[in-house]
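Just the heavy atoms: all of them, side chains too, but no hydrogens, waters or symmetry mates, feed the values below.
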2 protein chains.
Amino acid sequence: MGYNAVPLTRLIEQFASLPGIGRKTAQRLAFHILTLSEEEAKTFSDAVMEAHQKIKNCEICKNFTDKPVCDICSDSARDHSVVCVVEDAKDVVAFERTREYHGVYHVLHGLISPIDGIGPDQLYIKELLSRIGEGEIQEVIMATNPTTEGEATAMYLCRLLKPLGVKVSRLAFGIPVGSNLEYADEFTLYKALENRNEL
Amino acid sequence: MGYNAVPLTRLIEQFASLPGIGRKTAQRLAFHILTLSEEEAKTFSDAVMEAHQKIKNCEICKNFTDKPVCDICSDSARDHSVVCVVEDAKDVVAFERTREYHGVYHVLHGLISPIDGIGPDQLYIKELLSRIGEGEIQEVIMATNPTTEGEATAMYLCRLLKPLGVKVSRLAFGIPVGSNLEYADEFTLYKALENRNEL
């Protein structure tokens, strides 16, 4: 890319610094930006700054929002006695997509991971405890991923929360709907067997 | 995504409007932007505007550059008698990566495609003709893709350029290096057979 102009190289590098965007895709995106009108490019550029400046963590659940308290936490039609604890904001989007969950959330913004130097203090765990301290919450659903860090965080929180007298539950793991037994790994199959339901 | 804040939704939409970026990836990228520092976000945002404002088409070859004449066209060490005609700036990057091409380029910024309403007038074809009119160019290599539009454009240009007394050549098509005959489609195999070289 030795012959490329500096502003273009810089834009390609910026795109390449995004997660999951390789060199080739970054180049494609940068070239696409050059084909936009001045106004379209400005809209894109402004959207980045605007989102970055206006989006903060909700005071209650720490999900991304442009208000002090997010729409979910301020929705009185939702069940504020059930809290679903998730790793990050993407998981909230995933649960909302099911349209079947009517409780509220608590976004940890990470998982406990000693290898990466992330301990409980770097996550929004104190804030979860103080929410439970307010007395309205009756059930906490651990909805972290079934990874080592996800399990560890769920176990850690469970031990912390149980003494506070709230019900603590964990998402069910098993064969994904629409999938095939043949393709399920042994841990998933084991979980599906262990958590079998009577018919 | 009904519960998402407007600036976040707007940023997700902006990313989703980029080519090859789906809804899920757009969301992931937007969430990543939120985790950046204010300064990093500004760098990204500025890179978009700066590239868009400073990068123009080279006066000679129409490749992207931040100077009036690009580094390739102003490099006296290159062979200015050979011009490689490509569809867009990405193709220049691809040729430069081979480190084996020492001529110059001409970027058409598209291909003739009647279905999409793109005729010769929308491409930088007049500019190629006037370059040839200057007399220095001796060979024009048609390096458009082996697609219907690429072939049609190469054929159109060939008919236009031959009467001007320049040599017109076309990239060789055949089995890609490192590939397997088994996986080659019939057209590629036919081209490889047709263009076979004596050993």
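If you tally non-hydrogen atom pairs under 4.5 Å between each of A:H32, A:R10, A:K24, A:R28 and chain B, the highest count goes to A:H32. Note on A:A89, A:P19, A:A41: by heavy-atom pairs under 4.5 Å with chain B, the leading option is A:P19. Per-residue counts of heavy-atom pairs under 4.5 Å with chain B were compared for A:L29, A:D46, A:I33, A:L34; the largest is that of A:L34. Interface remark: of the candidates A:T35, A:T65, A:V92, A:L11, A:L11 forms the most heavy-atom pairs closer than 4.5 Å to chain B.
Between the side chain of A:Q27 and the main chain of A:A16, no donor-acceptor pair closer than 3.5 Å is present.
Aromatic ring pairs are classed by plane angle as parallel below 30°, tilted from 30° to 60° and perpendicular above 60°; the pair A:F64 and A:H109 is perpendicular.
Heavy atoms of B:L36 lying under 4.5 Å from chain A belong to its backbone as well as its side chain. Using a 4.5 Å cut-off between heavy atoms, B:E13 makes no contact with chain A at all. Interface residue A:T43: backbone and side-chain heavy atoms are both found under 4.5 Å from chain B. With a 4.5 Å cut-off on non-hydrogen atoms, B:S37 touches chain A through its backbone but not through its side chain.
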Would A:S45 and B:S45 count as a side-chain hydrogen bond (donor to acceptor under 3.5 Å, both in side chains) here? Give the steps.
CA-CA 5 Å; A:S45 171; B:S45 170; 2.7 Å; yes
Going through the distances and angles, do A:S81 and A:D79 end up as a side-chain hydrogen bond (donor to acceptor under 3.5 Å, both in side chains)?
CA-CA 5 Å; A:S81 71; A:D79 183 355; 2.6 Å; yes
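Side-chain atoms of A:N57 and A:Y124 include a donor-acceptor pair closer than 3.5 Å. Judged by distance alone, the side chains of A:E96 and A:Y105 do bring a donor and an acceptor atom under 3.5 Å apart.
For the atom pair B:E127 CD and B:L108 CG, the distance stands at 10.0 Å (nearest 0.5 Å).
Residues A:R23 and A:F15 are not in side-chain contact: their nearest non-hydrogen atoms beyond the backbone lie 4.5 Å or more apart.
Under the 4.0 Å criterion applied to side-chain N and carboxylate O atoms, A:E136 and A:R131 are not assigned as salt-bridge partners.
Sparse packing is recorded around NZ of B:K42, with 12 or fewer heavy atoms of other residues, nucleotides or ligands lying under 6.0 Å away.
For a heavy-atom cut-off of 4.5 Å, chain A lies close to B:V48, B:M49, B:E50, B:A51, B:H52, B:Q53, B:K54, B:I55 in residues 48-55 of chain B.
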